[in-house]
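Right, one structure below, let's go through it.
For this chain, numbers begin at 1 and follow the sequence in order.
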Amino acid sequence: MQIERIEEMHLTRADEVAIAKLLDTAFDGSFEGRSYFQNRHHTRLIIRDGNQVIGHMALGLRAMRMGDMLCTAVGLAEVATDPAHRGQGIASKLMQAAISEARASVADFMILFGDEPLYARAGFVTQPNKTLTISMHGVRTGQQEHRQGDKLMVMTLGDLAWDPKATIDLVGFAF
């Protein structure tokens, strides 16, 4: 299994279609033929079987606020493995590559919204923070949302300590 790293600007139309097919398969059609859920990312990590994309993770780099402190996070999104290829370690291999990408970046934290055991095994910790986001539904900007209990998981990448009491302002949509 070889991991391919594709920057969003270099995503080909064929890769866009192959990723969209995987995401629609993995998420019961909720991606509506797109290779992203609500907005594009910065980097894609994929694994193929021939021309078929059978594993995918998207990474986005962004500024965020933890309370009043401005910091940087890598967000993990659109984690998917083709149902016919589950149980082969594809997501675990992609996760290790994603963490390596994040560690090599300027980010202080890697964050995601989810609760799969894969994330905890990789070192992510569930955090109780309130989050401030802009809602997006159907790839349309919505209202500002204050949320809590959205399965926020965090991995610290550097020396900055995570503050579980601070409001986390994602300065945009939730990955």
Side-chain angles (χ1 to χ4, degrees), residues 1-11 15-16 19 23 31 34-47 53 55-81 89-136 139 141 144-175:
M1 284 186 277
Q2 181 177 345
I3 295 175
E4 293 178 52
R5 180 186 187 278
I6 306 172
E7 294 178 31
E8 196 72 14
M9 290 290 294
H10 298 129
L11 196 63
D15 286 338
E16 180 112 41
I19 292 167
L23 295 177
F31 280 71
R34 294 186 306 276
S35 71
Y36 55 93
F37 187 56
Q38 294 296 343
N39 209 330
R40 293 199 172 270
H41 301 284
H42 294 101
T43 304
R44 310 295 187 104
L45 300 175
I46 64 169
I47 293 178
V53 174
H56 175 272
M57 288 187 182
L59 302 170
L61 183 70
R62 71 161 61 161
M64 64 172 231
R65 289 206 177 266
M66 182 169 56
D68 289 332
M69 183 182 306
L70 184 61
C71 49
T72 303
V74 170
L76 179 68
E78 290 143 21
V79 175
T81 301
I90 292 168
S92 294
K93 188 169 182 177
L94 284 168
M95 180 61 70
Q96 291 310 310
I99 291 169
S100 292
E101 288 273 337
R103 288 194 187 286
S105 76
V106 298
D108 302 297
F109 305 102
M110 188 170 184
I111 64 175
L112 61 89
F113 291 92
D115 63 355
E116 293 297 321
L118 168 70
Y119 307 135
R121 282 193 309 268
F124 287 87
V125 177
T126 301
Q127 296 292 348
N129 302 75
K130 291 181 183 176
T131 58
L132 175 62
T133 63
I134 299 297
S135 67
M136 291 188 77
V139 195
T141 302
Q144 192 177 73
E145 291 184 336
H146 291 268
R147 301 163 26 174
Q148 191 162 15
D150 281 346
K151 302 175 186 173
L152 172 65
M153 297 188 80
V154 177
M155 176 183 287
T156 300
L157 300 174
D159 296 330
L160 188 60
W162 184 264
D163 181 353
K165 295 179 181 176
T167 296
I168 304 303
D169 182 350
L170 291 180
V171 193
F173 64 97
F175 306 96

Measure across [X] and [Y] and return the closest heavy-atom pair with its distance rounded to 0.1 Å.
X      : Y      : result
Met66  : Cys71  : CB-SG, 4.1 Å
Ala73  : Met64  : CB-SD, 3.6 Å
Pro128 : Gln148 : O-NE2, 2.8 Å
Ala58  : Glu78  : CB-OE1, 3.9 Å
Arg44  : Ser35  : NH1-O, 2.7 Å

Exercise. Should Arg40 and Glu16 count as an ion pair when the cut-off is N to O under 4.0 Å?
Worked result: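 Yes.
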Rounded to the nearest 0.5 Å, how far apart are [atom1] of [X] and [atom2] of [Y]?
X      : Y      : atom1 : atom2 : answer
Arg34  : Leu23  : CZ    : CG    : 10.0 Å
Leu59  : Glu7   : CG    : CD    : 11.5 Å
His146 : Leu132 : NE2   : CG    : 4.5 Å
His42  : Arg62  : NE2   : CZ    : 8.5 Å
Asp115 : Phe124 : CG    : CZ    : 13.5 Å
Ile46  : Glu4   : CD1   : CD    : 4.0 Å

Identify each donor-acceptor pair in which a side-chain atom of residues 89-114 lies under 3.5 Å from a protein atom, sequence neighbours left out, and give them as a table.
unit_1	atom_1	unit_2	atom_2	d
Lys93	NZ	Met1	O	2.1
Ser100	OG	Gln96	O	3.1
Glu101	OE1	Arg5	NE	3.0
Glu101	OE1	Arg5	NH2	3.4
Glu101	OE2	Arg5	NE	2.7
Ser105	OG	Ala102	O	2.6
Ser105	OG	Ala107	N	3.1
Asp108	OD2	Thr72	N	2.9

List the atom pairs, with distances to 0.1 Å, where a side-chain N or O of residues 168-175 and a protein N or O form a donor-acceptor pair under 3.5 Å, not counting sequence neighbours.
unit_1	atom_1	unit_2	atom_2	d
Asp169	OD1	Val171	N	2.8

Do [X] and [Y] come within less than 4.5 Å of each other through their side chains, counting heavy atoms only?
X      : Y      : value
Met69  : Leu160 : yes
Val154 : Asn129 : no
Tyr119 : Leu76  : yes

Problem set entry | Atom CD of Gln2: over 12 foreign heavy atoms under 6.0 Å |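 It does not: Gln2 CD has 12 such atoms or fewer within range.
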